[in-house]
Student: 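Dropping the structure in here first, questions after.
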Amino acid sequence: MKAQIQQLVSQALERLAADGALPAGRIPQPVIERTRDAAHGDFACNVAMVLAKVARCRPRDLAEKVVAALPDSRRVARVEIAGPGFINFFLAPEAYRELVPEILHQGHDFGRSRIGAGKRVQVEFVSANPTGPLHVGHGRGAAYGAAVADLLEAVGFEVHREYYVNDAGRQMDILATSVWLRYLGLCGETFSFPSNGYRGDYVLDIAATLHQEHGDDYRHSAAEVFADLPPDETPQQPDGDKEAHIDALIERARHLLGDIRYRYVFELGLNNILDDIREDLEEFGVCYEKWYSERSLVESGAVNKVVQRLRDSGHLYEKDGALWFRSTDYGDEKDRVVERDNGQTTYFASDIAYHADKLERGFERVIDVWGADHHGYVPRVKAALEALGDDPARLDVLLVQFANLYRQGRKVQMSTRSGSFVTLRELRQEVGRDAARFFYVMRKCEQHLDFDLDLAKSQSSDNPVYYVQYAHARVCSVLKQGAGKGFDLETSAGATNLEHLTEDHEQALLRTLSRYAEVVEAAALKEEPHQLTHYLRELANDFHTYYNAHQFLVDDRALRDARIKLILAVRQVLRNGLNLLGVSAPESM
RNA sequence: GCCCCUGUAGCUCAGCUGGAUAGAGCGUCCGCCUCCUAAGCGGAAGGUCACACGUUCGAAUCGUGUCAGGGGCGCCA
């Protein structure tokens with residue numbers, strides 16, 4: 001509808017240009033916006049003020065000319081000039097009414113568009129290290145990334161969702177070693193667990209599986225395992241080096257177990273945790289087209305190849321036995337290591353290879369959803385892409401701020417160290433999937449999120465999720481009631497009877513419904529799902545107000561038909577919107 | 001020290017590529033079920049848009065600076 005107004009104004013401007021009232025040449029695309037105040041009509045255009053200068057004409061005078069040049073449209077009831085030179089459009093009631101059959105006809109597809117048609121975009125999100133279960137911080141990235149992906153898909157992009165699995169590298173070795181040590185504990189060995197090891201219960205569970213299935217097969221004596229190791233760093237031994245200690249333990253594990261057995265423990269840990277993450281996300285309604293393994297990148301030689309490319313193009317140099325990438329050439333604040341002095345490529349090297357691969361796969365746009373703590377990482381990845389001759393502008397990194405949980409007005413303390421962190425699974429169990437998905441995307445991603453657990457659980461209008469879902473359930477309930485009363489609820493086809501929708505509440509509802517497609521488009525293109533949550537609340541509010549003010553199941557058949565069609569349209573839009581956010585639309589509550 | 005984010009009603013936040021009188025929810029106060037779910041609705045009070053300059057027809061929005069809060073800065077991932 002907005003686009004139609006825009007076209008009318010464009011035509012008027014062309015006419016004026018042809019008549020010489022406007023300088024020929026570049027005529028800007030006029031900006032049409034929704035009015036804030038109904039007294040200003042439905043849409044407003046500020047083009048007269050914008051062009052007043054080049055037209056050498058006062059804004060209001062120019063507005064007169066534009067209005068005079070506007071082609072007729074049956075959708076526009078009247079046009080007014082107001083304020084400093086706004087051109088206000090008042091739509092004909094029928095322009096809104098036509099929306100109802102359109103919504104009912106298009107159903108699930110209503111609000112979708114083809115703006116992104118033909119463009120492929122990749123969205124990588126969550127990508128948490130498989131060294132433990134997802135926590136509430138990952139949850140926000142999951143809900144946000146999934147919503148952005150679904151929104152982009154809704155406006156026509158071909159979306160590819162991906163989870164990058166950091167299954168190579170030192171952290172995974174630490175996990176494997178932690179599992180093995182816990183296993184030794186279960187075998188009856190006694191020793192002090194390394195301070196840098198993973199001490200979560202899930203490690204113990206995996207160790208128990210190993211013990212159950214293989215008994216003492218993987219057992220070595222603690223004395224043998226800990227012989228001649230550099231001392232750990234503990235409160236009792238502040239002089240120790242926890243990094244050196246754990247690295248030595250990893251080496252010892254490899255040595256004592258041998259490649260095959262070590263690999264077995266490693267895989268057991270990885271697979272257990274990855275399966276858990278997959279299941280967790282699936283239950284959260286988050287699915288991927290691909291789980292991309294870092295190890296596959298290392299093993300296929302892609303990492304070495306990309307390092308070689310950088311070396312050949314003169315972007316690398318050696319210092320202190322390590323290989324450095326001169327990222328400062330591209331605006332990074334310092335150079336970065338791609339290969340450590342022990343010959344191992346760094347996580348960063350894998351990441352370069354991964355991002356180069358993304359661009360090679362031909363995505364027009366590549367979106368990374370990262371935790372805000374990674375923001376320092378952005379310049380170096382972009383630098384690497386530029387050094388490789390790719391266009392870094394194709395990569396868009398969206399940084400998601402952390403989420404803080406609140407219970408009874410108090411911040412819930414979370415820390416990995418104390419082991420008291422809240423997992424995503426625990427959160428879902430406490431507040432439910434719908435509330436979690438909705439709450440996570442209520443704020444824009446760069447905003448710190450205060451997640452009120454009590455509110456998310458409350459079954460009242462204070463809780464925006466229940467409020468919106470309740471509107472949906474209420475429509476369903478009305479229909480059930482109608483059937484119970486023996487009303488004929490088969491609605492008429494097309495725009496029949498819709499002229500009976502004359503109440504202010506009905507007009508307001510139609511107006512809100514007409515905004516839906518615009519909201520979806522804006523939320524998608526700006527990567528701001530929170531716009532949709534706000535919209536859904538407004539729509540639900542309009543509906544609840546209408547519900548309280550008017551009876552739908554009236555005796556007048558034509559009026560009843562019109563009202564039922566309207567609330568069916570409301571239900572459809574609520575459903576479509578909730579669906580894009582991964583929130584269910586219950587039939588009853 | 002450097003970098004990123006944020007400062008709008010008592011609280012939590014919207015405010016679209018600058019636009020008309022600054023918006024919601026919660027909380028507070030006052031009302032509304034003989035009626036399709038009161039898990040709902042209506043009304044009232046509540047603001048120096050952190051502060052100062054600048055850009056222009058016009059600034060909460062853009063620019064610069066100041067102040068305040070949060071986060072990040074490793075041959076870790």
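Here is the naming used below: chain letters follow the sequence lines, and residue numbers restart at 1 for every chain. Values below: every heavy atom of this structure, side chains too, minus hydrogens, waters and symmetry copies.
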Student: Side chains of A:Asp434 and A:Gln469: is there a donor and an acceptor less than 3.5 Å apart?
Tutor: yes
Student: What's the closest nucleotide to the side chain of A:Lys485 if the choices are B:rA77, B:rC75, B:rC36?
Tutor: B:rC36
Student: Consider the side chain of A:Arg340, meaning its heavy atoms from C-beta on, and name the nucleotide among B:rU17, B:rA39, B:rA77 that approaches it most closely.
Tutor: B:rA77
Student: If we take the P atom in both B:rA68 and B:rA50, what is their distance in whole Å?
Tutor: 16 Å
Student: What integer distance in Å separates A:Ile32:CD1 from B:rC16:P?
Tutor: 17 Å
Student: So, A:Thr533 and A:Arg437: side-chain donor and acceptor under 3.5 Å apart, yes or no?
Tutor: no
Student: Find the distance A:Ile352:CD1 to B:rA77:C1' and express it as a whole number of Å.
Tutor: 15 Å
Student: Checking A:His40 now: which residues fulfil ring pair (Phe, Tyr, Trp, His ring centres under 6.0 Å) with it, not counting sequence neighbours?
Tutor: none
Student: What I want to check is whether the side chains of A:Asn88 and A:Glu80 have a donor and an acceptor closer together than 3.5 Å.
Tutor: no
Student: Closest-nucleotide mapping onto RNA chain B: is A:Gly169 or A:Leu449 further toward the 5' terminus? I mean the 5' end.
Tutor: A:Leu449
Student: Please give, in whole Å, the distance from B:rA39 P to A:Asn548 CG?
Tutor: 11 Å
Student: Given B:rC5, B:rG72, B:rU37, which nucleotide is nearest the side-chain atoms of A:Ser588?
Tutor: B:rU37
Student: Using only heavy-atom distances, determine whether the side chains of A:Ser195 and A:Glu233 contain a donor-acceptor pair under 3.5 Å.
Tutor: no
Student: In this structure, how many angstroms lie between the P atom of B:rC16 and the CD atom of A:Glu527, rounded?
Tutor: 17 Å
Student: Write down the distance separating the C1' atoms in B:rG31 and B:rC49, rounded off to the nearest Å.
Tutor: 32 Å
Student: Give the dot-bracket line for RNA chain B from 5' end to 3' end: parentheses for intra-strand Watson-Crick or G-U pairs under 3.5 Å, square brackets for crossings, | for inter-strand pairing, dots for unpaired.
Tutor: (((((((..((((.....[...)))).(((((.......))))).....(((((..]....))))))))))))....
Student: Side-chain donor-acceptor pair under 3.5 Å between A:Glu124 and A:Tyr292, yes or no?
Tutor: no
Student: Give me the distance, rounded to whole Å, that separates B:rC32 from B:rG47 when you measure between the P atoms they each carry.
Tutor: 28 Å
Student: Measure the distance from NZ on A:Lys444 to P on B:rG7 and round it to the nearest whole Å.
Tutor: 7 Å
Student: Within residues 552-566 of chain A, which residues have any heavy atom lying less than 4.0 Å from an atom of RNA chain B?
Tutor: A:Phe552, A:Leu553
Student: May I have the distance from A:Gln531 (atom CD) to B:rA14 (atom C1'), rounded to whole angstrom?
Tutor: 9 Å
Student: Just checking, is any N or O donor in the side chain of A:Asp561 or A:Thr491 under 3.5 Å from an acceptor N or O on the other one?
Tutor: no
Student: When the C1' atoms of B:rU61 and B:rA14 are compared, how many Å lie between them, rounded to an integer?
Tutor: 13 Å
Student: Please step through side chain to side chain contact (heavy atoms under 4.5 Å, CB included) for the pair A:Arg199 and A:Ser178, ending with a clear verdict.
Tutor: CA-CA 8 Å; A:Arg199 34 184 76 236; A:Ser178 301; over 6 Å; no
Student: Choosing from B:rG15, B:rC4, B:rG42, which nucleotide comes nearest the side chain of A:Thr545?
Tutor: B:rG42
Student: Classify A:Val378 by what it touches in the nucleic acid, base, sugar-phosphate, or nothing, heavy-atom distance under 4.0 Å.
Tutor: nothing
Student: I want to verify a distance call: between B:rA77, B:rC13, B:rU37, whose nearest atom is closest to the A:Arg443 side chain?
Tutor: B:rC13
Student: Find the distance A:Tyr466:OH to B:rA39:P and express it as a whole number of Å.
Tutor: 13 Å
Student: Take A:Lys2 and A:Arg336, find for each the nucleotide of RNA chain B with the closest heavy atom, and name the residue whose nucleotide sits nearer the 5' end.
Tutor: A:Lys2
Student: Looking at every strand, decide which applies to A:Lys526 at a 4.0 Å heavy-atom threshold: base, sugar-phosphate, or nothing.
Tutor: sugar-phosphate
Student: Does any residue of residues 323-335 of chain A have a heavy atom under 4.0 Å from RNA chain B, and if so, which ones, in number order?
Tutor: A:Trp324, A:Glu333, A:Lys334
Student: Counting side-chain heavy atoms from CB outward, which of B:rC5, B:rC75, B:rC16 is closest to A:Asp320?
Tutor: B:rC75
Student: Please give the distance between the P atoms of B:rA45 and B:rA24 as a whole number of Å.
Tutor: 12 Å
Student: Between A:Tyr164 and A:Asp368, do the side chains contain a donor N or O and an acceptor N or O under 3.5 Å apart?
Tutor: no
Student: Nearest of B:rC36, B:rC75, B:rU12 to any side-chain atom of A:Asp450?
Tutor: B:rU12
Student: Roughly how many Å is it from OH in A:Tyr470 to C1' in B:rC41, rounded to a whole number?
Tutor: 11 Å
Student: Protein within reach of the bases, or only the backbone? For nucleotides 18-30 of chain B, mark each nucleotide 5' to 3' as B, S or -, using heavy atoms under 4.0 Å.
Tutor: -BBB---SSS---
Student: Under the side chain to side chain contact (heavy atoms under 4.5 Å, CB included) criterion, do A:Tyr406 and A:Leu455 qualify, and how do the steps go?
Tutor: CA-CA 9 Å; A:Tyr406 284 80; A:Leu455 181 61; over 6 Å; no
Student: Could you tell me how far B:rC73 sits from B:rU55 if I compare only their P atoms? Round to whole Å.
Tutor: 41 Å
Student: Which donor-acceptor pairs under 3.5 Å do side chains of residues 315-323 of chain A form with protein atoms, sequence neighbours excluded?
Tutor:
unit_1: A:Tyr317; atom_1: OH; unit_2: A:Asp335; atom_2: OD2; d: 2.6

Student: Is any side-chain nitrogen or oxygen of A:Tyr347 closer than 4.0 Å to OP1 or OP2 of B:rC75?
Tutor: no
Student: Quick one: do the A:Tyr535 and A:Glu518 side chains pair a donor with an acceptor below 3.5 Å?
Tutor: no
Student: Go through it in stages, so that I can follow the logic: the residues are A:His544 and A:Tyr470, the test is ring-ring contact (aromatic ring centres under 6.0 Å, His included), and I'd like the CA-CA distance, side-chain angles, deciding distance and then a yes or no.
Tutor: CA-CA 9 Å; A:His544 288 309; A:Tyr470 181 43; 5.4 Å; yes
Student: For atom P, what is the distance between B:rU12 and B:rG27, given to the nearest Å?
Tutor: 15 Å
Student: Quick one about A:Arg563 and A:His500 (side-chain donor to acceptor, distance below 3.5 Å, no hydrogens or angles considered), yes or no?
Tutor: no
Student: What's the gap between B:rC29 and B:rU37 when it is taken at their P atoms, as a whole Å value?
Tutor: 30 Å
Student: For A:Gln7 and A:Gln4, test the side chains for any donor-to-acceptor distance below 3.5 angstrom and give the result as yes or no.
Tutor: no
